[in-house]
Amino acid sequence: MESKILYGKSLADKIMANVAQEVKELKEEGLHPSLMTVMVGDDPASRVYLTSQKRQAEMVGINCELVELSASTSEQRLLRTLDNVNYDPAINGVILHMPLPSHINSKVAQWRIAPEKDVEGVTPYSLGRLFLGVPNLAPCTALSAVELIKSTGIDLAGKEATVVGRSDIVGKPVSLMLLQKNCTTTICHSFTSKRGSLEEHVRRAEILVVAMGRPQSIKGEWIREGAVVIDVGMNAVGDRLVGDVEFEEARKRAAYITPVPGGTGAVTVAFLLQNLVRATKMQARPEPERVG
Ligand code: NDP
């Protein structure tokens, strides 16, 4: 069986069309969604990503701003900058660009972001809501992985799902989202591999999400016949970008598989902008706490 390739572009286009419409409606109400990225230090690869993000945001009428701080900026200075952005009514969403220099505690900095402006879903409030099954602003890459799975139309209830990777920003949120969709979810990490059990968990997976950052570590022959495979990994190998899954072998067995590049990455920015629209609405029309 040759699998269907799950390109991210058509899903991303659909989300972006919705975002553009919502931005237009917000502007008619006098609300102008605005995104602020805070970046500490310089990294040419980040700059390419930020330029592309800004271009996509501006295409749907969203204003993007950038605060650049030098690599020697102290943690206190960064926290003050975030406080200023938090209190600025003209800014609706904040991205704190990662990685931060090693003298700054990333968690302390991320947790300083006002929950209502947390468009990347990195604060304890956003992640706590996800944990409780009432997400609000959820991590964008995780949303992208799960929405691509949903786009196959497969009924997820009771399915064996394996997530490889347990980062706070991808692996854990994807696992929680799949659990919420009633999958039987297994989370694998480096100690799963050290014990030699990774292959066994991957072979069982009807839904497989891989976010480990290890080029082509998931062997194509491990993929279960008919599985849905979402490869979140993005690894630069020479001048190519490759995923965590051996794509050519895996596609012979999977029912659906995402390519790298062209899979989850394309959808992530669309969800970021969707979160910004949601954040703008929440700030303009605060509602009583929604718990269900
Ligand atoms: P992290 O490095 O934070 O996490 C990697 C996870 O993989 C960890 O939980 C780690 O386990 C696990 N892992 C590493 N090696 C192994 C192994 N040999 N066997 C099993 N598990 C292993 O990465 P991120 O979650 O931030 O990113 C993962 C990948 O996704 C990267 O390639 C990144 O570039 C990509 N990415 C793509 C995005 C997109 O939009 N498509 C956005 C964000 C990231 P342990 O916890 O035990 O160390």
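When a ligand or atom number is given, it counts from 1 through the structure's own listing order.
- Ranking the protein heavy atoms by distance from atom 9 (O) of ligand 1 puts R166 N, 2.8 Å first.
- Shown in contact with N235 at under 4.0 Å from a heavy atom are these atoms of ligand 1, numbered in order with element: 32 (O).
- Considering only non-hydrogen protein atoms, atom 36 (N) of ligand 1 sits nearest to V232 O, 3.8 Å.
- In this model, a donor atom of one side chain and an acceptor atom of the other lie less than 3.5 Å apart for T123 and S126.
- Taking all heavy atoms of M234, H201, H189 into account, the minimum distance to atom 20 (C) of ligand 1 is reached by H189.
- Taking the charged nitrogens against the carboxylate oxygens, E147 and K14 have no contact shorter than 4.0 Å, which rules out a salt bridge.
- Close contacts between ligand 1 and T264 involve ligand atoms 41 (N) [criterion: under 4.0 Å to a heavy atom].
- Closest heavy-atom approach to atom 3 (O) of ligand 1 within the set P173, A236, S167: this belongs to S167.
- At the shortest separation from atom 15 (N) of ligand 1 among protein heavy atoms lies R214 NE, 3.4 Å.
- In the vicinity of G265, heavy-atom distances shorter than 4.0 Å reach the ligand 1 atoms 40 (O), 41 (N).
- Of all protein heavy atoms, the one lying nearest to atom 40 (O) of ligand 1 is T268 OG1, 3.0 Å.
- Using a 3.5 Å distance cut-off with no hydrogens or angles, the side chains of R166 and S175 do not pair a donor with an acceptor.
- One side chain, H97 or S46, offers a donor N or O that lies under 3.5 Å from an acceptor on the other.
- T152 has its side chain within reach of L6: a pair of non-hydrogen atoms, C-beta onward, lies under 4.5 Å apart.
- Heavy atoms of A211 come nearer than 4.0 angstrom to ligand 1 in at least one pair.
- The protein atom (non-hydrogen) at minimum distance from atom 31 (C) of ligand 1 is G213 CA, 3.6 Å.
- The protein heavy-atom contact nearest to atom 43 (C) of ligand 1 is T141 OG1, 3.9 Å.
- Of the protein's heavy atoms, S193 OG, 2.5 Å lies nearest to atom 19 (N) of ligand 1.
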Q: Kindly determine whether Q216 and V242 satisfy side chain to side chain contact (heavy atoms under 4.5 Å, CB included), including the steps that lead there.
A: CA-CA 7 Å; Q216 299 176 328; V242 300; 4.2 Å; yes

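- For atom 45 (P) of ligand 1, the closest non-hydrogen atom on the protein side is S190 OG, 3.5 Å.
- Short contacts between ligand 1 and V170, defined as distances under 4.0 Å to a heavy atom of the residue, involve ligand atoms 25 (O).
- Proximity of T192 to S197: side-chain heavy atoms (C-beta onward) are separated by under 4.5 Å at one or more points.
- In this structure, V38 and L66 have side chains that are not in contact, with every pair of non-hydrogen atoms separated by 4.5 Å or more.
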(Q) Between E249 and K252, is the salt bridge (Lys or Arg N to Asp or Glu O under 4.0 Å) condition met? List the steps. (A) CA-CA 6 Å; E249 275 307 302; K252 294 179 189 156; 2.7 Å; yes

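- Taking the charged nitrogens against the carboxylate oxygens, E22 and K281 do have a contact shorter than 4.0 Å, which makes a salt bridge.
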